[in-house]
Amino acid sequence: MQVKKECVAMLLAGGQGTRLGALTRKVAKPAVPFGGKYRIIDFTLSNTINSDIDTIGVLTQYQPFDLNQYIGNGQPWDLDRLEGGAFVLPPYQKAKSGEWYKGTANAIYQNIDFVDRYSADYVLILSGDHIYKMDYNKMLQYHIAKGADCTIAVQNVPIEEASRFGIMNTDSDDKIFEFEEKPKQPKSTKASMGIYIFTWAKLKKYLIEDEANKDSHNDFGKNIIPNMLNAGEKMYTYDFKGYWKDVGTISSLWEANMDILDASSGINLSDADWKIYARNTAEPPHFVGAGARISNSVVSEGCVINGAVINSIISRGATVKKGAVIKDSIIMPNAIVGENATINHSIVGWNANIESGAQVGEYQEKAIAGEWQIAVVGPNVTVKSGETVKAGAMLEEEN
Amino acid sequence: MNKKMLAILFASGNESKLNELTLHRTTASLPFAGRYRLIDFALSSLVNSGITRIGIITRNNYSSLMDHIRMGRDWDLNRKNSGIAVFPPFGLNTSRDVYKGKIEALYTVLDFLEKAPEDYVCVSNCNIASNIDLESILDEHIARGADVTMLCHKANVTSSKRVIITKNDNDCVTDLCQVEIPSTEEKLVSLNIYIIRKSLLTSWIEQAYARGYVDFEKDILFREVENGKIYAKEIMSYAAIVDDVKTYFNESMKVLKEDVRNELFETGRKVYTKVKDSVPTIYGENANVSGSLIADGCVINGTVENSILFRDVRIEEGAVVKNSIIMEHGVVMKNGQISYTITDKSVVIGAGRQISGSEDYPIVIVKNKKV
């Protein structure tokens, strides 16, 4: 008999993240580097442990090796526990069947035994592709106080952007009466953040029913939540105020990184009461050479900087050689920027090698979010000496 | 896996001469090179050489060391078999005092040594910053049939009490002496890292302790030279011995040189330390940093030249830091200026304050002080 856990977290980390192109060709989206020394999944894992939830299943499917290795036994997040902790849950062969995760709901369905093992009363459903700091425990207390069957975290978005989100229409008590996926005429500004708390017994019932329906997409947003609403279950929204960003696209990933440089963005990584943990790679402090110039930038451990770095994120172990100029860009771990290379408004993937004199991206005068053309050099790609990578281009590793 | 050697480290060394820097800590836990403590170099060299049974003998002020090492996980030393054992002082029932010298200290851990399955012992001080492949040195030690292999390097004898080695062409030690007067001449200086066959070490220690000897070097090694089985192994890469404020400052500044950093950090053998989950360093609009080693978690808005900033240091606008070492959580407020200064942990230099030492006499500002 396992020790009982009031709430078990399930993190959906199986998606490919096709919109990140070259960056997710060989790793799952949650394993993509972020903010100099983190990976995207660090935020959800850190939120979980900081919320005193110590049992988390990480559902992987697409390119899982990097993610499996990264999570390991969960120690960097204090998730190596005698009872509970972090578990990587890939799809597996069962006595009667064995199949891939067909959808988000199916992924949880296939792991009903895992949740049951801890006799959990509640299940927290998370996705591994958002950058935010949130106390899930407060949301859980809200869920319990409301006597809800399902609580959905929402953020108020500007009405003109509301049609890009799943919108929750609620009564004055925050009780949901309607859910609209990307409505053309939004009636509310409460956008779903993809974070749900379910009373486990209820969810289990709906998962089993959904699985029996051969026409279902086995998806939370498309099936489970509408089904529960139609059946008149008690569903509430939970207002979250604070920094939150979906980093599913190149431009949103770039913007979220840049938000670290903007003190007013609210992302604030240096909050001692809400640390974001990451697996450490034991690198020395970074070294700034005599001819270097760094302003309004983030530089991580193990870097050697001898060029100019402006409004940029330089991730751990990266090298910026003499005469190189990096502006408005993200340099991912262990990338090398050669002498006199220029990088503007770009994302340079991990282990990429920008040889001397190469030009990546173009300088763009006006900073209009979403309209800028970000050049992406994929992981392990070499841009040869003197070559040019145009704005908006995406270079991929061969094969 | 190499299970042939275990290690005994002495956490305390020459505190008296490190003055303010070891007021609250052992030499082993003295911060070095931006994010490390001196013992990290010894522990990392050992772990990277496959040595995982490590006893650390402490004398005083060892709470900072215990806090740093915890269960040894950050060095991959939280093992079911072997791992770290910390020996507090007063190891013997009969002792009313803290041990007087290495011989007595080693006597208190004879039990630990005898129970261990390893046949060789690496005995080392913790005031050394170097990245050493001990595995190949042990192989050499065994092949030679040596009693003791003393690790050494060529250096100027800047402070007294260092052991000077004279050896013949076969690396066999022919003479050991302790200089009392510092000189500028380059000599072969012992790093106080020894490799010894365990059975030999325990019998030496038992005999020496019975006779009331204190000094491991003078009372044992110096006497054993005539048997011709003590060998010297010169370490060609960077090695620093830190035994006073001046060497601490000078050796720290050497880490700003590329070749020294490469020899410490780019060997393929990583240097591990306690993980603190600091955020990456943030440079503001007015940051002006050059020739400096900067750890994570800093916020820099001023000028930093030829300096070392440890984790979570804040340099405010208009502040100027030159040729200085600022330890964890240090703050230099607006327009503050420091040069040739070592500020211990959590020191705050007030707005507009100016402090300058000189290259020969860097100023040390003690922990938690507000200037």
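We name chains A, B, ... by the order of the sequence lines, and we start the count at 1 in each one.
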From [X] [atom1] over to [Y] [atom2], what is the distance, rounded to the nearest 0.5 angstrom?
X	Y	atom1	atom2	result
His286(A)	Cys298(B)	NE2	SG	7.5 Å
Asp277(B)	Tyr38(A)	CG	OH	7.5 Å
Ile260(A)	Ile282(B)	CD1	CD1	7.5 Å

Contacts of residues 300-318 of chain A with chain B (heavy atom under 4.5 Å)
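Within residues 300-318 of chain A, near chain B: Ser300(A), Glu301(A).
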
Whether over 12 other heavy atoms sit under 6.0 Å from [X] [atom1]:
X	atom1	answer
Lys322(A)	NZ	no
Arg293(A)	CZ	no
Lys321(A)	NZ	no
Lys257(B)	NZ	no

For chain A, which residues of residues 258-270 of chain B have at least one non-hydrogen atom nearer than 4.5 Å to it?
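Within residues 258-270 of chain B, the residues under 4.5 Å from chain A are Arg261(B), Phe265(B), Lys270(B).
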
For chain A, which residues from residues 304-336 of chain B lie under 4.5 Å away (heavy-atom distances)?
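None at all.
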
How far apart are the closest heavy atoms of [X] and [Y], and which atoms are they?
X	Y	value
Glu283(A)	Arg35(B)	O-NH1, 2.5 Å
Glu285(B)	Ser295(A)	O-CB, 3.6 Å
Gly35(A)	Pro280(B)	O-CG, 3.4 Å
Ala282(A)	Val271(B)	CB-O, 3.9 Å

Could you look at Thr273(B) and say if it's the side chain, the backbone, both or neither that has a heavy atom under 4.5 Å from chain A?
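Neither the backbone nor the side chain of Thr273(B) comes within 4.5 Å of chain A.
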
Check against side-chain contact (heavy atoms from CB on, under 4.5 Å), Ile294(A) and Val289(B):
CA-CA 7 Å; Ile294(A) 308 175; Val289(B) 179; 5.5 Å; no

Heavy-atom pairs under 4.5 Å with chain B are the metric here; pick the option from Ala272(A), Ala292(A), Gly289(A), Gly291(A) that has the most.
Gly289(A)

Give the C-alpha distance, both sets of side-chain angles, the deciding distance and a yes or no for side-chain contact (heavy atoms from CB on, under 4.5 Å) between Val275(B) and Tyr277(A).
CA-CA 10 Å; Val275(B) 172; Tyr277(A) 303 98; over 6 Å; no

For chain A, which of [options] has the most heavy-atom pairs under 4.5 Å?
options	result
Gly284(B), Gly34(B), Ala33(B), Ala287(B)	Gly284(B)
Asp74(B), Asn286(B), Val255(B), Thr281(B)	Thr281(B)
Asn288(B), Leu256(B), Val299(B)	Leu256(B)
Ser44(B), Gly297(B), Ser278(B)	Ser278(B)

Measure Asp80(A) against the heavy atoms of chain B and call it side chain, backbone, both or neither at under 4.5 Å.
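For Asp80(A), side-chain heavy atoms alone lie under 4.5 Å from chain B.
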
Please state whether the side chain, the backbone, both or neither of Lys37(A) comes within less than 4.5 Å of a heavy atom of chain B.
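Contact with chain B is through both the backbone and side chain of Lys37(A).
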
Report yes if some heavy atom in the side chain of Pro285(A) is under 4.5 Å from a heavy atom in the side chain of Ile294(B); otherwise report no.
no

Walk me through whether Val288(A) and Tyr283(B) qualify under side-chain contact (heavy atoms from CB on, under 4.5 Å).
CA-CA 12 Å; Val288(A) 184; Tyr283(B) 288 80; 3.3 Å; yes

With sequence neighbours excluded, tell me which residues meet side chain to side chain donor-acceptor pair (under 3.5 Å) with Asn50(A).
none

